[in-house]
Amino acid sequence: MKIAVLGGNGQLGTDVVQAFAEKADEVQSLSHADLEIADLAAVRDAFGKLQPQVIVNTAAMHHVENCELDPQKAYAVNALGARNVAAVAHDLGALLIHVSTDYVFDGDKGTPYEETDCPRPLNVYGNSKLAGEYFVRCGLDRHFVVRTSGLYGKAPCRAKGGRNFVDLMLKLAKDRGEVRVVDSEWVTPTSTRELARQIVVLSRSDAYGLYHATAEGSCSWHEFAREIFTITNTPVSLKVAGPNEFPAKVARPKYSVLENRALKLQGLNALGTWQDGLREYLGVSQSHATVQST
Ligand SMILES: NC(=O)c1ccc[n+]([C@@H]2O[C@H](COP(=O)([O-])OP(=O)(O)OC[C@H]3O[C@@H](n4cnc5c(N)ncnc54)[C@H](OP(=O)(O)O)[C@@H]3O)[C@@H](O)[C@H]2O)c1
């Protein structure tokens, strides 16, 4: 198959490109330098030349604070950009796999969100991504909208800069010996490598629609940190951060765990537990020591 990956040099896009290449698909990586998705003519031009059968859109403006500061740009990229890609995919007869987010939910539910739950974003980022989802869902039949959460991967997340949560925890432990992490926000950490493999599975399916795609299970950020240190046998004192220690500038869901209900119903779920994904990322097959944790 001929695949084009938008955001191909990003954290997720890098692994998506590799996952398709491993299946011997012909895959083209498109970076922001190659293509501005908010520009319909540029999208039309790029895909007109490539003629892909499958387009994977990982490109987004997803720095939550920056979206709040510049809502017009957030909507131009996350909503109208998605509309542009959907319109061109429709005209080419291509399948579109569009990546979205757990931040379309407000976090009040307290149990894992399913695809049938009503979204209620708390911030511009979540709102603009939800608008993008609707443009894709209305723009062409042959689509997968894939909501995910808590990504980490070998390639750096370009929007956030620097290290992902796993690498940051390991660096802080090494530099300081004590690490403080909140235990009041719940997510499902999902490795981009695993999600990329799930995207390849979807590209072979015609069960189009809206899907949640995260690793299995959930944890607080504090539990995630504890598992990182346990798996890597890192000596560290892990403490619970106080409620006002890392004040959020923008409202975010406190609980954004997703259930892969639709993937399971279709027999398409390829994601393992978040602990297994973490072990694969860290290149460790067995857990060792316990971490001193309060
Ligand atoms: N990271 C997470 O924890 C997380 C959680 C849930 C959902 N998601 C979603 O997952 C997707 C991938 O995230 P990621 O972590 O891989 O992010 P990333 O590393 O920041 O990658 C995003 C890519 O999109 C490109 N891009 C940004 N604006 C663009 C534009 N206007 N036109 C064309 N390309 C543009 C970026 O290029 P430049 O950097 O050069 O601008 C980058 O290559 C996004 O859709 C995001 O909303 C992420």
Side-chain angles (χ1 to χ4, degrees), residues 4-19 29-43 45-47 55-64 66-67 70 72-85 88 96-105 113 119 121 123-133 135-136 144-168 185 187-196 198-199 211-215 221 224 252-253 256-258 274 277:
V5 181
L6 288 160
N9 62 343
Q11 179 176 227
L12 174 60
T14 300
D15 279 331
V16 171
V17 169
Q18 190 177 335
S29 168
L30 293 165
S31 72
H32 201 170
D34 297 318
L35 174 59
E36 167 56 63
I37 64 166
D39 179 347
L40 176 59
V43 177
D45 183 50
F47 289 135
I55 298 170
V56 182
N57 183 21
T58 75
M61 176 173 175
H62 67 104
H63 188 287
V64 174
N66 288 348
C67 288
D70 193 348
Q72 282 189 329
K73 187 171 174 198
Y75 274 88
V77 177
N78 296 337
L80 297 176
R83 182 200 61 172
N84 294 342
V85 177
V88 173
L96 173 58
I97 304 176
H98 175 79
V99 178
S100 191
T101 174
D102 52 336
Y103 273 33
V104 299
F105 294 113
Y113 284 97
N123 54 43
V124 169
Y125 167 61
N127 267 294
S128 61
K129 289 289 286 187
L130 182 60
E133 288 187 1
F135 276 124
V136 171
F144 292 97
V145 170
V146 178
R147 291 183 184 145
T148 191
S149 115
L151 294 182
Y152 60 92
K154 293 282 180 202
C157 176
R158 293 177 60 86
K160 294 172 188 165
R163 295 177 169 81
N164 65 39
F165 184 82
V166 181
D167 296 345
L168 177 66
E185 286 176 28
V187 290
T188 302
T190 302
S191 101
T192 50
R193 191 146 175 229
E194 273 209 287
L195 180 57
Q198 179 68 66
I199 286 172
Y211 287 86
H212 290 178
T214 63
W221 290 106
F224 186 24
R252 295 161 186 260
S256 60
V257 178
L258 304 181
W274 67 265

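The structure presented is a predicted model; accordingly, all values stated were derived computationally and were not measured. Both ligands and their constituent atoms are indexed starting at 1 by order of listing.
Here the protein heavy atom with the shortest distance to atom 23 (C) of ligand 1 is G7 CA, 3.8 Å. For atom 30 (C) of ligand 1, the closest heavy atom belonging to the protein is H32 NE2, 3.1 Å. The protein non-hydrogen atom at the shortest distance from atom 11 (C) of ligand 1 is T58 O, 3.4 Å. Closest protein heavy atom to atom 27 (C) of ligand 1: A60 O, 3.2 Å. Atom 42 (C) of ligand 1 has its closest protein heavy atom at R158 CD, 3.8 Å. In this structure, atom 32 (N) of ligand 1 lies nearest to the protein heavy atom I37 N, 3.1 Å. In this structure, atom 31 (N) of ligand 1 lies nearest to the protein heavy atom E36 OE2, 2.7 Å. For atom 10 (O) of ligand 1, the nearest non-hydrogen atom of the protein is V99 CG1, 3.5 Å.
Annotation for ligand 1: atoms under 4.0 Å from non-hydrogen atoms of K160 are 1 (N), 2 (C), 3 (O).
Ring-plane geometry between Y125 and H62 is classed as tilted, the angle between the planes lying from 30 to 60 degrees on a 0 to 90 degree scale. A tilted orientation is assigned to the rings of F144 and Y211, their planes being inclined by 30° to 60°.
Remark: R252 CZ is packed, more than 12 non-hydrogen atoms of other residues, nucleotides or ligands lying under 6.0 Å away.
Residue K129 touches ligand 1 through its side chain alone, judged by heavy-atom distances below 4.0 Å. Of all the heavy atoms of A155, none lies under 4.0 Å from any atom of ligand 1, so neither backbone nor side chain is involved. Of all the heavy atoms of T192, none lies under 4.0 Å from any atom of ligand 1, so neither backbone nor side chain is involved. For Y125, every heavy-atom contact with ligand 1 shorter than 4.0 Å involves the side chain, none the backbone. When heavy-atom distances to ligand 1 are checked against a 4.0 Å cut-off, L12 comes that close through both its backbone and its side chain.
Taking any N or O of L151, backbone or side chain, at least one lies under 3.5 Å from an N or O belonging to ligand 1. Ligand 1 has an N or O atom lying under 3.5 Å from an N or O atom of N9, backbone or side chain.
The side-chain contact (heavy atoms from CB on, under 4.5 Å) test with Y152 is passed by exactly one of T192, T190, N164: N164.
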